[in-house]
Chemist: 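I am attaching a structure below and will ask some questions about it afterwards.
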Amino acid sequence: MCTAFVSIDPGSSVPVLLLAVRDEYTDRQWLPPGRHWPSRPAVTGGLDLEAGGTWLAIHQGDGGPVAACLLNGFGPRLPWQRRLSRGEIPLIAASGQRIDRLERYDPFHLILARPGSVRLLSWSGSTLEDRELPAGLSAVHNDGLAGRAVASGCPAHIRATMAARTAHFRARLQAVARPEPAAGSSDAAWGEWLPIVCGDGLPADDPAALVRRLEAPGGRVWGSVSLSMVALAHRQVRYDFGAVSTAGPLPRIVLESVPMPAVRAAAAG
């Protein structure tokens, strides 16, 4: 149950904040964010070693930063012979390209964020819904935008868990000062939000936990594997990333700032 929170404040020096927790089987191999795609040198993202794509891509170009965050959706799955990997979608979208051949993808939700606007594209397997997120704090799960999700095939117990997670963390984030991340350490940049999004003291098996760990049938472990925190200003982007450790009684995440390519200053006059 991947989860993303999007905070939009048009009057802020950092209009868009994106917090994304990636949930996956913990034995699925990946690499931390970098410029892993030679054909897309301006794109930074974590690399899924199984399919070669990513779950969150950031393009830092002359036109300003773009972030594309993918969450798998519920719904019908295609035969593997016809299916394209959803991990290529953030790479395509962040690069400013059109997502073609939608009928070859399983359902997904894509947050496409720029400093001036954030859109949520939801593909059901047969129809595409494109909506602009409003100012304020929005939550997106695997069944779509919290409070407006209509996904078919989402089990009731999963929907209840996602609702509990949204209720707890939306209230906690709204109760403290919204950060305006700039230079410096992750602690300084993200302020009071940081300990909240790193788990807020909830154990990994709490129904409302943002950082989860569960043992699936057959012994595979499923849970939160990483946290991404992205701040989009009009000409700059800050990206902090950390892997999740659930070795102790409470989850542990240590964020580090991800190096981003330099952007040329806008021409004068």
Side-chain angles (χ1 to χ4, degrees), residues 2-8 14-24 28-73 84-102 104-123 128 130 133 138 140-142 181 224-243 255-263:
C2 297
T3 298
F5 283 94
V6 184
S7 174
I8 302 173
V14 186
V16 176
L17 305 178
L18 170 62
L19 320 175
V21 176
R22 181 182 181 225
D23 291 346
E24 184 55 86
R28 182 162 179 151
Q29 299 298 301
W30 53 274
L31 294 177
R35 280 169 267 172
H36 298 293
W37 302 273
S39 63
R40 302 180 188 275
V43 172
T44 301
L47 175 63
D48 173 34
L49 291 172
E50 183 171 312
T54 190
W55 55 95
L56 194 158
I58 297 176
H59 183 277
Q60 175 73 318
D62 294 340
V66 181
C69 178
L70 179 79
L71 295 86
N72 292 342
L84 297 175
S85 170
R86 288 173 288 194
E88 67 184 29
I89 294 172
L91 301 174
I92 295 169
S95 300
Q97 298 172 309
R98 178 184 175 86
I99 305 169
D100 293 322
R101 299 186 293 175
L102 278 172
R104 300 285 301 278
Y105 294 106
D106 286 340
F108 66 82
H109 305 282
L110 181 74
I111 300 167
L112 187 57
R114 296 177 173 85
S117 70
V118 181
R119 307 200 69 82
L120 177 63
L121 283 69
S122 295
W123 170 245
L128 179 68
D130 182 351
L133 295 185
S138 297
V140 181
H141 300 290
N142 296 114
S224 305
V225 295
S226 66
L227 169 67
S228 298
M229 302 182 73
V230 179
L232 298 179
H234 290 288
R235 294 291 301 170
Q236 296 179 328
V237 58
R238 178 178 179 124
Y239 184 9
D240 291 85
F241 178 86
L255 289 184
E256 294 185 0
S257 182
V258 177
M260 300 299 296
V263 178

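The first residue of the sequence shown is numbered 1, and numbering continues consecutively from there. Since the model is a prediction, treat every value here as computed from it, not as a measurement.
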Chemist: Over all heavy atoms of both residues, which pair between Pro115 and Pro65 is shortest? Give the atoms and the distance, please.
Modeler: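 Closest approach of Pro115 to Pro65, heavy atoms only: CD-O, 3.4 Å.
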Chemist: How about Gln236: does its CD atom have over 12 heavy atoms from other parts shown lying under 6.0 Å from it?
Modeler: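 Incorrect, the count does not exceed 12.
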Chemist: Is there a side-chain contact (heavy atoms from CB on, under 4.5 Å) between Leu255 and Leu227? Walk through the geometry before answering.
Modeler: CA-CA 8 Å; Leu255 289 184; Leu227 169 67; 4.1 Å; yes
Chemist: May I have the step-by-step check of side-chain contact (heavy atoms from CB on, under 4.5 Å) for Val118 and Leu232, ending in yes or no?
Modeler: CA-CA 11 Å; Val118 181; Leu232 298 179; over 6 Å; no
Chemist: Look up atom CG in Leu110 and atom SG in Cys69, then write down how far apart they are to the nearest 0.5 Å.
Modeler: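 Here the rounded value is 8.0 Å.
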Chemist: Do any N or O atoms from the side chain of Thr54 and from the backbone of Gly46 form a donor-acceptor pair under 3.5 angstrom?
Modeler: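 Yes; judged by distance alone, with no hydrogens or angles, the pair exists.
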Chemist: Please test Leu120 against His109 for side-chain contact (heavy atoms from CB on, under 4.5 Å), starting from the C-alpha separation and ending with a verdict.
Modeler: CA-CA 7 Å; Leu120 177 63; His109 305 282; 4.1 Å; yes
Chemist: To the nearest 0.5 Å, how far apart are CG in Asn72 and OH in Tyr105?
Modeler: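 Result: 13.0 Å between the selected atoms.
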Chemist: Could you measure the distance from the CD atom of Gln29 to the CD atom of Glu24? Nearest 0.5 Å is fine.
Modeler: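 Reported value, rounded in 0.5 Å steps: 11.0 Å.
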Chemist: Within the side chain of Trp123, is there an N or O that forms a donor-acceptor pair under 3.5 Å with the backbone of Leu102?
Modeler: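 At least one qualifying donor-acceptor pair exists.
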Chemist: Distance check, rounded to the nearest 0.5 Å: Leu70 atom CG versus Leu112 atom CG?
Modeler: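 The CG atom of Leu112 is 11.5 Å from CG of Leu70, to the nearest 0.5 Å.
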Chemist: Return the minimal non-hydrogen interatomic distance between Val43 and Trp37, and the atom names on each side.
Modeler: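 In terms of heavy atoms, the two residues are closest at O-CE3, 4.2 Å.
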Chemist: Ignoring hydrogens, what is the shortest heavy-atom contact between Ala4 and Leu18? Give both atom names and the distance.
Modeler: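 The answer is CB-CD1, 4.1 Å.
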Chemist: Which pair of heavy atoms, one from Tyr239 and one from Ile58, lies closest together, and at what distance?
Modeler: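 Nearest heavy atoms, Tyr239 then Ile58: CD2-CD1, 3.4 Å.
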Chemist: For residues His59 and Val237, determine if any side-chain heavy atom of one lies less than 4.5 Å from a side-chain heavy atom of the other.
Modeler: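 Counting from C-beta outward, His59 and Val237 never come under 4.5 Å.
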Chemist: Using atom types as modelled and distance alone, determine if a side-chain donor or acceptor of Arg86 lies under 3.5 Å from a backbone N or O of Trp55.
Modeler: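 Checking the backbone N and O of Trp55 against the side chain of Arg86, no donor-acceptor pair under 3.5 Å is found.
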Chemist: How about Leu17 and Phe5: do any of their side-chain heavy atoms sit closer than 4.5 Å?
Modeler: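 Not touching, per the 4.5 Å side-chain cut-off.
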Chemist: Could you tell me the separation between the CG atom of Leu84 and the CZ atom of Arg101, rounded to the nearest 0.5 Å?
Modeler: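 With rounding to 0.5 Å, CG (Leu84) is 5.0 Å from CZ (Arg101).
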Chemist: Would you compute the distance between atom OG of Ser117 and atom CD1 of Ile8 and round it to the nearest 0.5 angstrom?
Modeler: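 Rounded to the nearest 0.5 Å, the OG-CD1 separation comes to 8.0 Å.
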Chemist: Arg238 versus Ser257: any side-chain heavy-atom pair under 4.5 Å?
Modeler: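 A side-chain contact exists here, since the closest heavy-atom pair is under 4.5 Å.
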Chemist: For the pair Asp48 (side chain) and Gly53 (backbone), establish whether a donor and an acceptor sit closer than 3.5 Å, ignoring hydrogens and angles.
Modeler: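 No; judged by distance alone, with no hydrogens or angles, the pair does not exist.
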Chemist: Do you know which two heavy atoms are closest between Pro41 and Arg35, and how far apart they sit?
Modeler: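 In terms of heavy atoms, the two residues are closest at O-CD, 3.1 Å.
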Chemist: I'd like to know if the side chain of Asp130 reaches the main chain of Leu121, judged simply by a donor and an acceptor atom lying under 3.5 Å from each other, with no hydrogens or angles considered.
Modeler: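 The answer is no, because no donor-acceptor pair under 3.5 Å joins these two groups.
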Chemist: Within the distance-only criterion (no hydrogens, no angle test), does the side chain of Ser85 pair as donor or acceptor with the backbone N or O of Gly87 below 3.5 angstrom?
Modeler: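 Here the side-chain-to-backbone pair exists.
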Chemist: With side-chain contact (heavy atoms from CB on, under 4.5 Å) as the test, would you mind laying out the steps for Ile111 and Leu71 before giving the verdict?
Modeler: CA-CA 8 Å; Ile111 300 167; Leu71 295 86; 4.1 Å; yes
Chemist: Any donor and acceptor pair, going by atom type alone, linking the side chain of Arg235 with main-chain N or O of Asp62 inside 3.5 Å?
Modeler: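 Yes, Arg235 side chain to Asp62 backbone: donor-acceptor pair under 3.5 Å.
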Chemist: Identify, with sequence neighbours excluded, every residue that meets salt bridge (Lys or Arg N to Asp or Glu O under 4.0 Å) alongside Glu50.
Modeler: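 Residues passing salt bridge (Lys or Arg N to Asp or Glu O under 4.0 Å) with Glu50: Arg28.
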